[in-house]
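Keep in mind it's a predicted model, so treat the numbers as computed, not measured. We name chains A, B, ... by the order of the sequence lines, and we start the count at 1 in each one.
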Number of protein chains: 2
Amino acid sequence: MAKENSKQELGALVAQACVQRPRERIVASAQDLFHRHGIRGVGVDAIAEAAGTNKMTLYRHFGSKDDLILEYLNYKGKKSDEIWAEIEGESPNDPAGQLYGFVEKAAKFITEDERGCDLANAAVELTEQGHPGLRVIEEFKVRQRDRLAGLCQAAGASQPGLLADALVLLIEGARVSRRSVGTEGPSANFVRTSEAVIASFGIPPKDRPGRAPSV
Amino acid sequence: MAKENSKQELGALVAQACVQRPRERIVASAQDLFHRHGIRGVGVDAIAEAAGTNKMTLYRHFGSKDDLILEYLNYKGKKSDEIWAEIEGESPNDPAGQLYGFVEKAAKFITEDERGCDLANAAVELTEQGHPGLRVIEEFKVRQRDRLAGLCQAAGASQPGLLADALVLLIEGARVSRRSVGTEGPSANFVRTSEAVIASFGIPPKDRPGRAPSV
DNA sequence: CCGGAATGTTACCGATCGGTATCTAGTGAT
DNA sequence: ATCACTAGATACCGATCGGTAACATTCCGG
């Protein structure tokens with residue numbers, strides 16, 4: 001087996017630079033390392049070292065690596081909640097606008113983050129059936145889908161549930177495709193396809209910035 | 001870390017039962033174990049034992065675990081070629097029929113295989129940048145998309161490339177979603193959504209079996 | 001029947017895995 | 001100054017990782 005990347009762990013150093021307490025530094029390092037190398041590709045030693053502390057202190061805060069994984073997964077869920085709040089703030093009382101905002105936000109993540117969805121990736125790595133992390137992932141994905149469905153309904157979609165499912169498939173697909181074949185592959189057409197699908201469910205296309213309204 | 005599944009490795013025993021030469025038994029076991037537990041979740045010892053042989057013989061046929069991984073990846077690509085041949089055989093000289101056949105075939109895999117696409121999963125696990133397996137995965141995914149695009153064009157789609165990309169996103173998304181939230185989630189609507197998208201590109205919907213033609 | 005190739009067996013290598021014990025050094029509040 | 005709590009340091013545990021050396025055995029073609 002060829003050896004893993006050993007180039008400088010930038011994010012980890014950043015985590016160390018912040019003078020937070022060890023617990024915060026540990027979770028920050030775990031976020032960064034799990035994201036970059038995968039859950040099974042990172043050992044607790046590496047996390048502790050990246051956090052500028054040691055394994056003993058890590059185990060005083062987290063009973064096991066699995067605990068740390070759960071922390072990682074839940075954190076990603078909270079991050080997503082923040083993004084939903086952003087979207088709502090940018091288009092208050094405008095479900096259709098929020099829907100398009102969501103698509104654009106998703107597109108941004110697809111192009112900027114080469115590693116794809118951390119939750120979906122974790123589901124691939126957690127092959128041990130019944131692993132507690134799988135429940136966290138499922139709950140998050142279901143919540144995400146239901147939120148999307150609520151938005152579709154509020155925006156007046158003809159079949160909100162079906163539209164939400166279609167958008168979920170497109171988003172998940174774009175993230176995983178971006179990982180396999182890069183930004184020039186099928187994920188490049190994610191926004192165009194998503195907007196076409198949304199429109200086909202009876203939701204009027206959004207006003208493109210810079211283009212005068214047709215009335 | 002909780003321990004990995006240790007329930008009987010059925011497929012492995014099957015591989016052992018077939019009286020092929022060690023090499024074939026090894027690749028068969030690797031297929032099965034990599035698929036079920038992920039690449040990083042399986043050691044060479046486990047593969048050798050599942051193949052009814054030992055590590056030494058394994059290393060006489062494969063120089064490293066990475067070599068075995070490449071064998072695994074390439075095998076999946078060949079399997080896919082066979083499926084394309086099936087599709088062509090079932091609807092000869094009927095591009096639109098092959099397109100719908102592809103969607104149905106994909107749906108079958110989505111529901112039957114809980115682990116999703118092995119190539120996409122491998123891309124998640126192979127975090128070491130520049131790993132030779134990543135090239136194999138990319139080549140396969142590109143080939144798959146181009147084949148799909150060719151079919152879309154032959155079927156007379158208005159924008160064949162765009163339709164092919166959309167279908168790729170839907171398929172990839174359905175496979176990864178099925179893994180996170182099961183068959184009752186968004187992937188349940190994969191066929192309906194895909195057929196709607198295909199139709200929206202100007203390709204006539206296929207004749208549903210059991211429904212009389214409208215003329 | 002013989003000889004070479006393929007396979008099996010066992011033991012080993014250094015490294016890393018997740019996790020723990022022990023002891024010391026620092027810290028802040030009273 | 002004291003005391004309890006937090007954190008650092010180091011060594012260790014058994015298990016497993018990918019990979020190899022050496023030798024015994026089996027098998028098959030000539």
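- Put simply, CD1 on A:Ile39 is 15 Å from C1' on C:dG18, counting in whole angstrom units.
- C:dC17 atom P lies 11 Å from atom CD of A:Glu49, rounded to whole Å.
- For the pair B:Leu58 CG and D:dA21 P, the interatomic distance rounds to 16 Å; values are reported in whole Å.
- Rounded to whole Å, the distance from CD1 on A:Ile26 to P on D:dG8 is 8 Å.
- Between the CG atom of B:Asn54 and the P atom of C:dA6 there is a distance of 15 Å, rounded to whole Å.
- Following rounding to the nearest Å, A:Ile69 (CD1) and C:dG18 (C1') show an atom-to-atom distance of 11 Å.
- Residue order along DNA chain D, read from the 5' end via each residue's closest nucleotide, puts A:His61 first among A:Lys55 and A:His61.
- Each of A:Ala46 and A:Met56 was assigned the nucleotide of DNA chain C with the nearest heavy atom; the assignment lying further toward the 5' end belongs to A:Ala46.
- Side-chain contact between B:Leu162 and B:Phe201 is present, with heavy atoms from C-beta onward closer than 4.5 Å.
- Contact annotation: A:Thr53 side-chain N/O to D:dA7 OP1/OP2 distance is not under 4.0 Å.
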- Query: In B/S/- notation, 5' to 3', how is nucleotides 25-30 of chain D contacted by protein heavy atoms closer than 4.0 Å?
  - Reply: ------
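- Under a 4.0 Å N-O distance rule, the pair A:Asp81/A:Arg143 qualifies as a salt bridge.
- Within the 4.0 Å cut-off from OP1 or OP2 of C:dT7, at least one side-chain nitrogen or oxygen of B:Arg21 is found.
- Salt bridge absent: A:Glu71 and A:Lys65 never bring a charged side-chain N and a carboxylate O closer than 4.0 Å.
- Residue A:Tyr59 has no polar side-chain atom (N or O) positioned under 4.0 Å from OP1 or OP2 of C:dT20.
- Rounded to an integer number of Å, the gap from CZ of B:Arg60 to C1' of C:dG4 is 14 Å.
- Look at A:Arg175 and A:Asp113 and you find a salt bridge, because one of the NZ, NE, NH1 or NH2 atoms lies within 4.0 Å of a carboxylate O, short of that distance.
- In this structure, the side chains of A:Phe109 and A:Ile171 stay at 4.5 Å or more apart for every pair of heavy atoms.
- OP1 or OP2 of C:dG8 sits under 4.0 Å from a side-chain N or O of B:Arg25.
- Counting heavy atoms from C-beta on, the side chains of A:Leu170 and A:Val103 never come closer than 4.5 Å.
- Atom pair A:Asp45:CG and D:dC17:P shows a separation of 17 Å (rounding to whole Å applied).
- Using a 4.0 Å cut-off between a side-chain N of Lys or Arg and a carboxylate O of Asp or Glu, A:Glu139 and A:Arg135 qualify as a salt bridge.
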